[in-house]
Number of protein chains: 2
Amino acid sequence: MTVGKALHDDVTDAISAAFFEELAATGYGRLSVDAVAKRAGVGKAAIYRRWPSKQRMAVELTSSVAVSAIDAPDTGSLRGDVRQFLANARAALSHPLALAIIPDLLAEARRNVELAEALLSSVRDPRRASSGDMVARAIERGELPADTDVELCLDFLAGPLYWRLTAINSEPAPDYLDRLTDKIVAAFRA
Amino acid sequence: MTVGKALHDDVTDAISAAFFEELAATGYGRLSVDAVAKRAGVGKAAIYRRWPSKQRMAVELTSSVAVSAIDAPDTGSLRGDVRQFLANARAALSHPLALAIIPDLLAEARRNVELAEALLSSVRDPRRASSGDMVARAIERGELPADTDVELCLDFLAGPLYWRLTAINSEPAPDYLDRLTDKIVAAFRA
DNA sequence: ACGGAACGGAACGGTTGCGTCTCGTCAGGG
DNA sequence: CCCTGACGAGACGCAACCGTTCCGTTCCGT
């Protein structure tokens with residue numbers, strides 16, 4: 001027994017796409033439901049038929065898309081895994097939308113508890129877990145000492161690249177990821 | 001020949017303090033002039049007597065405060081300099097205001113050209129230069145090879161700590177900075 | 001073919017914000 | 001001691017936005 005007729009998937013998809021485009025263009029703080037609806041070619045009612053508020057729409061759309069972005073390279077060597085992880089991260093951050101949206105979400109999460117919890121559980125924890133497995137495999141292979149501080153290593157995996165791409169904002173050299181890999185592996189072993 | 005009577009410094013200071021508190025609490029996107037004025041115990045006219053618009057107020061206040069936050073430790077050894085740099089950065093980011101404001105400004109800068117240029121010239125460039133000197137001194141002392149990639153090293157100096165404090169959002173262990181220093185120095189030498 | 005529900009569009013009331021303006025007050029330099 | 005101008009407070013016009021409600025239309029299951 002369905003309660004009502006089904007919402008149209010294509011409309012939901014259009015809203016989702018428009019939401020992220022609008023989020024990238026104007027930021028979480030200034031995001032307006034009218035703008036999302038207009039960009040999606042949709043009536044506002046279609047949005048409020050799906051979510052009870054702007055906040056819930058933002059949180060649910062954000063975490064629903066984020067879960068698909070989990071990568072756990074397993075190339076057989078630490079260096080290969082690190083290099084692949086960086087390539088994946090670089091590719092993900094090459095989407096202009098992602099590069100504009102992610103820092104915005106991290107900033108907003110610091111004052112929006114609901115958003116913060118959604119991001120932590122749907123993005124940080126899974127990613128951190130799979131990255132941790134990556135380091136654990138290196139330890140099992142004997143590439144890293146058994147007492148390696150995994151948590152600390154993970155900060156090196158994402159930190160420098162994220163810092164370069166979002167804060168420094170200058171295009172890295174072509175061989176940047178290779179050089180970065182060398183230094184990250186060296187840091188892991190320290 | 002003064003054009004008019006002087007603006008009161010204590011009022012300007014109150015506006016500045018209120019601006020940053022409001023910025024931390026609500027974010028750049030939602031920041032309102034009314035809220036800043038009310039928090040400062042000031043009429044809106046006092047603000048518009050000083051800056052022609054909200055945007056200019058934000059840019060000028062931000063860059064004026066930022067210039068004072070430049071540190072270039074020179075302890076005589078690479079490890080000492082790195083450790084001191086991290087301690088300074090950690091202290092700066094321990095201000096709850098800073099931890100809420102900085103990610104917000106970085107996110108906003110990505111879509112606000114005027115703010116971006118102000119941050120790049122008043123924060124990134126001076127900090128990057130003094131940090132570069134730090135690495136250059138290590139090269140002169142022979143602690144690092146002459147062909148060290150300074151730019152890449154700087155990404156390691158700030159990236160992991162910033163990532164940990166802003167994105168991962170879990171309190172680091174007491175000896176975190178020491179362990180971090182070891183790995184950063186190892187990365188520098190790679 | 002029918003009917004119900006979702007659809008795009010638009011208007012609504014209530015709220016908020018920007019930037020301007022006007023009050024009456026207060027301070028400080030000549 | 002007086003006069004100029006900054007001051008706090010707040011009203012103003014205008015625009016934007018949220019969330020709701022109403023249209024007339026279109027789609028889809030039965």
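Residue numbers begin at 1 in each chain, while the letters A, B, ... track the order of the sequences.
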> What do the steps show when you test B:S170 against B:R164 for side-chain hydrogen bond (donor to acceptor under 3.5 Å, both in side chains), and what is the final call?
Replying inline: CA-CA 7 Å; B:S170 81; B:R164 157 70 61 165; 2.8 Å; yes
> Only one of A:L86, A:D81, A:D175 clears side-chain contact (heavy atoms from CB on, under 4.5 Å) with A:T181; which?
Replying inline: A:L86
> Tell me, do A:L23 and A:L105 make a side-chain contact under 4.5 Å, heavy atoms counted?
Replying inline: yes
>> So B:R30, base contact, sugar-phosphate only, or nothing? Heavy-atom distance under 4.0 Å.
In response: nothing
> Is B:L61 reachable from B:L106 through a run of I, L, V, M, F, W or Y residues, each pair having side-chain heavy atoms under 4.5 Å apart?
Replying inline: no
>> Can you tell me if A:R56 touches the phosphate of D:dC18, counting only side-chain N or O atoms and a distance under 4.0 Å to OP1 or OP2?
In response: no
> Quick one: salt bridge (Lys or Arg N to Asp or Glu O under 4.0 Å) partners of A:D34, sequence neighbours excluded?
Replying inline: A:K44
>> Any salt bridge linking A:D182 with A:R83? Criterion: basic side-chain nitrogen under 4.0 Å from a carboxylate oxygen.
In response: no
> Dot-bracket, DNA chain D: Watson-Crick or G-U, under 3.5 angstrom, [ ] crossing, | other strand?
Replying inline: ||||||||||||||||||||||||||||||
> Base, sugar-phosphate, or nothing: which does B:I47 touch, judged by heavy atoms less than 4.0 Å apart?
Replying inline: nothing
> With sequence neighbours left out, what residues match A:D74 under salt bridge (Lys or Arg N to Asp or Glu O under 4.0 Å)?
Replying inline: A:R137
> Which of residues 35-42 of chain B have a heavy atom under 4.0 Å from DNA chain D?
Replying inline: B:G41, B:V42
> Between A:R179 and B:E151, is a salt bridge (charged side-chain N to carboxylate O under 4.0 Å, His left out) present by the stated rule, with each step listed?
Replying inline: CA-CA 11 Å; A:R179 293 164 162 273; B:E151 281 296 306; over 6 Å; no
>> What is the distance, to the nearest angstrom, from the CH2 atom on A:W51 to the C1' atom on D:dC18?
In response: 16 Å
> Does B:E22 come within less than 4.0 Å of B:K38, counting only side-chain N to carboxylate O?
Replying inline: no
> What is the ring orientation for B:F156 with A:F156, classed by angle as parallel under 30°, tilted 30 to 60°, or perpendicular over 60°?
Replying inline: tilted
> Thinking salt bridges, do B:E114 and B:K54 make one under a 4.0 Å N-O criterion?
Replying inline: no
> Looking at DNA chain D, which of residues 10-24 of chain A put a heavy atom within less than 4.0 Å of it?
Replying inline: none
> Are A:K183 and B:D149 within salt-bridge range, i.e. N to O under 4.0 Å?
Replying inline: no
>> What is the distance, to the nearest angstrom, from the CZ atom on B:R50 to the P atom on D:dA6?
In response: 9 Å
> Between B:D178 and B:R79, does at least one N-O distance fall below 4.0 Å, as a salt bridge requires?
Replying inline: no
> How does protein contact run along nucleotides 19-25 of chain D, one letter per nucleotide 5' to 3', with B for base contact, S for sugar-phosphate only, - for none, heavy atoms under 4.0 Å?
Replying inline: BBB----
